[in-house]
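Have a look at the structure below, then the notes.
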Protein chains: 2
Amino acid sequence: MEKVTMADVAKEAGVSKSTVSQFLNKRYEYMGEKTRRKIEAAIEKLGYQPNYIARSLKQKRTSMVGIIVANIVHHFSTEVSRAIEDFFHMYDVHVIVCNADDDPKKEKRYIEMLRAKQVDGLIIFPSEHNHELYESMVKEGYPVVFVDRKVESLDACSVITDNTESTYRAIMNLIEKGHRNIAFAVQPLTVSPRIDRLKGYKKALKDAGLEINPDYIVEADIPELKWKLGQLFSSAKKPTAIFAANERVFLAVMEFIKEREIKLGKEMELIVFDNIPFVHLLEAPISYIIHPAYEMGKKAAELLYEQIQGEDIAEKKFIFPSRLV
Amino acid sequence: MEKVTMADVAKEAGVSKSTVSQFLNKRYEYMGEKTRRKIEAAIEKLGYQPNYIARSLKQKRTSMVGIIVANIVHHFSTEVSRAIEDFFHMYDVHVIVCNADDDPKKEKRYIEMLRAKQVDGLIIFPSEHNHELYESMVKEGYPVVFVDRKVESLDACSVITDNTESTYRAIMNLIEKGHRNIAFAVQPLTVSPRIDRLKGYKKALKDAGLEINPDYIVEADIPELKWKLGQLFSSAKKPTAIFAANERVFLAVMEFIKEREIKLGKEMELIVFDNIPFVHLLEAPISYIIHPAYEMGKKAAELLYEQIQGEDIAEKKFIFPSRLV
DNA sequence: TTTTAGCGATAAATCGTTTTAGTTTCCAGT
DNA sequence: ACTGGAAACTAAAACGATTTATCGCTAAAA
């Protein structure tokens with residue numbers, strides 16, 4: 001089964017493999033009308049299906065690209081991936097999505113495996129611990145695009161959001177509404193978006209002439225987050241607003257709020273920095289900072305595609321503005 | 001760049017390609033201690049990375065499988081896909097996810113492309129129009145597993161939910177609560193889950209001795225759904241409960257409810273048949289029938305893996321029970 | 001001393017394409 | 001009739017691994 005090869009087709013049609021190959025690559029100028037017909041008939045008769053693996057080996061292109069996502073549980077990642085898939089679908093390029101799970105080792109392994117599989121390029125949501133690896137790829141001229149997180153001092157394509165500025169605007173907005181005690185909930189400050197969002201928070205407070213209370217900056221892994229929030233809310237100066245630095249933090253905060261039976265909108269204002277699906281169905285008055293995930297994915301895909309095509313890229317760094325809703 | 005091949009390693013180490021190959025495949029018994037060292041050193045020195053494409057060509061295995069999803073916008077699909085990816089990750093098998101977008105032509109093209117790429121197997125959320133294709137694959141002995149939708153009269157592996165029974169229970173539950181006018185909102189009845197869910201609905205009404213009012217069965221594509229619901233709600237006997245047959249219908253219904261400012265829980269009860277992310281954050285009293293998506297994906301992956309390994313499968317059809325929450 | 005056995009290593013065929021460098025055919029133009 | 005050259009087609013060498021059959025060698029068995 002499934003063993004009919006180009007040689008079989010050639011024999012059946014009474015021509016050489018080369019001609020069949022030409023046919024498959026639609027270079028019809030190189031053959032006469034009747035041979036073309038014969039080949040068509042032979043393919044039909046034998047039910048021949050070309051083997052792309054063999055072709056890839058020769059052509060050194062696989063028509064596959066890889067995405068290495070820092071953590072697939074973020075809705076943002078899936079939106080970006082979807083955009084990338086949609087884009088590459090136009091070119092019959094398949095996409096392999098890998099979830100690094102915020103683990104640099106896993107990330108490295110994936111990068112190596114995908115490259116061993118000869119994917120034509122990589123889109124990476126980078127962790128912060130494989131700089132040398134990124135660098136070697138870039139230096140080598142291997143097509144890569146980085147998304148969501150900054151990779152310092154690397155002359156590579158990247159697509160990110162204006163984390164600091166968006167957060168700044170959001171916090172300013174809260175301050176204008178009269179909030180003075182604003183908590184900032186975030187996972188450990190290991191990657192650039194979190195750091196940049198905190199920068200925006202601090203800058204806003206400073207510009208508004210408010211002092212920065214370190215107690216209000218709740219930095220913890222998800223499992224400990226609720227507990228830390230509990231501590232903060234048991235203290236004297238309860239916050240009147242919380243900024244959740246991403247989707248996962250948001251979920252933890254929401255659980256916390258439900259447990260404590262805090263009334264959103266009345267007692268507490270909440271802002272999240274991330275795209276949350278179905279958020280418009282929630283009745284609670286929550287504000288969101290949403291990234292233009294689809295556009296970012298599309299841009300990343302374009303940048304990768306151009307690299308694969310060997311074009312050189314004029315503008316490598318793209319910063320997309322987020323929007324407060 | 002990146003052109004260092006096995007031959008280079010062999011030359012560097014002063015051995016033959018064969019030995020290097022043995023080394024790479026960890027068949028150390030076939031070589032002496034010192035040669036092993038030399039090869040290790042040579043690989044290290046040259047920064048050799050094996051080319052899996054070449055290996056795949058010879059071995060006729062690619063360590064890749066494909067998933068063809070009917071429609072990626074369903075959260076259920078992504079959950080199942082995730083489970084499949086998690087499973088295959090254990091075996092270093094990569095997964096390519098393709099979105100057929102409910103279009104049989106697209107589905108067919110994907111199946112052919114993935115097979116041309118020599119993926120080792122396929123997990124398919126089948127549309128209802130490629131029976132011959134499915135059949136030929138199954139007959140050929142090519143590893144396939146069907147998910148979510150039934151493929152009649154095909155002796156192939158499949159993993160589905162008990163659509164009829166779960167719907168029956170949910171509707172019965174509504175009836176027990178006193179509802180008599182229950183609407184059933186659904187997309188066109190083209191695929192088995194929708195048909196089976198409707199069956200459950202009808203059976204429940206019949207068993208409860210209620211008559212089936214065809215006006216309450218709102219069958220329409222998503223764009224027309226709101227409009228049709230509007231018609232129904234303008235009529236004399238407004239329903240007091242709605243059963244949304246899947247996630248997309250649910251979204252349309254929710255929009256409708258919001259626009260009409262209908263109060264969920266008081267004026268109207270709502271049940272959805274699908275996994276909705278973040279549903280626990282909604283305050284509205286909605287019931288859900290959730291599929292054990294992760295388990296289903298895992299089972300599908302297992303079934304596929306066993307087929308790929310050439311084992312024969314004792315039990316091919318799996319029906320997972322859904323749960324009303 | 002000869003045979004046997006097994007270890008360590010290798011040459012060469014193979015997988016199914018693409019592509020280069022020809023070769024043959026055929027016909028128009030001189 | 002001969003030539004030049006396009007048109008039509010082909011043989012064979014890649015591509016980078018795996019795998020089979022085999023070989024030389026040494027040490028143990030006969």
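Chain letters run A, B, ... following the sequence lines, proteins first and then strands; every chain starts at 1.
Residue contacts shown for A/T35 are limited to sugar-phosphate atoms, with no base heavy atom under 4.0 Å away. Among the protein residues, B/Y48 comes within range of the sugar-phosphate backbone only, with heavy atoms under 4.0 Å from sugar or phosphate atoms but none that close to a base. Counting non-hydrogen atoms under 4.0 angstrom, B/V15 reaches the backbone sugars and phosphates but no base.
Proximity of A/K60 to the phosphate of D/dG16: a side-chain N or O atom is located under 4.0 Å from OP1 or OP2. Between A/S16 and the phosphate of D/dC9, there is no side-chain N or O to OP1/OP2 separation shorter than 4.0 Å. Taking only side-chain nitrogens and oxygens, B/T5 never comes nearer than 4.0 Å to OP1 or OP2 of D/dG16. Taking only side-chain nitrogens and oxygens, B/S18 never comes nearer than 4.0 Å to OP1 or OP2 of C/dT10. B/T19 has a side-chain polar atom (N or O) that falls below the 4.0 Å cut-off from OP1 or OP2 of C/dT10.
Ring geometry for A/Y110 versus B/H89: interplanar angle of 30 to 60°, hence tilted.
Of all nucleotides listed (C/dG16, C/dT19, D/dA17), D/dA17 comes nearest to the side chain of B/A54. Side-chain proximity of B/N25 to C/dT10, D/dG16, D/dT18: nearest is D/dT18. Side-chain atoms of B/M6 lie closest to D/dA17 of the nucleotides D/dA17, C/dA11, D/dG16. Closest to the side chain of A/L57, out of C/dT17, C/dG16, D/dT10, is C/dG16.
Of the charged side-chain nitrogens involved, at least one lies within less than 4.0 Å of a carboxylate oxygen, so that B/E140 and B/R115 count as a salt-bridged pair. Salt bridge annotation for B/R109-B/D101: absent, with no cationic side-chain nitrogen under 4.0 angstrom from a carboxylate oxygen.
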### Message
Test side-chain contact (heavy atoms from CB on, under 4.5 Å) on A/M137 and A/I111; report intermediate values, then the result.
### Response
CA-CA 10 Å; A/M137 290 195 289; A/I111 292 177; 3.8 Å; yes

### Test salt bridge (Lys or Arg N to Asp or Glu O under 4.0 Å) applied to B/E135 and B/K139, step by step
CA-CA 6 Å; B/E135 208 175 320; B/K139 220 177 277 174; 3.8 Å; yes

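Between the P atom of C/dA9 and the NZ atom of B/K34 lies a distance of 5 Å, rounded to the nearest Å. Here D/dA17 presents its P atom at 16 Å from NZ of A/K117, a figure rounded to the nearest Å. Separating the CD atom of B/Q22 from the P atom of C/dA11 is a distance of 14 Å, rounded to the nearest angstrom. As a whole-Å value, the separation of B/R61 CZ from D/dA17 C1' is 13 Å. Computed from coordinates, the A/D8 CG to C/dC15 C1' distance equals 13 Å when rounded to whole Å. Straight-line distance from the CD atom of B/Q118 to the P atom of C/dG16: 9 Å, rounded to whole Å. Summarising the geometry, the separation between CZ on B/R55 and C1' on D/dC15 is reported as 16 Å, rounded to the nearest angstrom. Taking atom CD of residue A/Q59 and atom P of nucleotide C/dT20, one finds them 11 Å apart after rounding to whole Å.
In terms of position on DNA chain C, the residue among A/K17 and B/R36 whose nearest nucleotide sits closer to the 5' end is B/R36.
Taking 3.5 Å as the limit, the base of C/dT17 and the side chain of A/K58 contain no donor-acceptor pair of atoms between them.
Here the two rings, on A/H94 and A/Y52, have centers that are 6.0 Å apart or farther.
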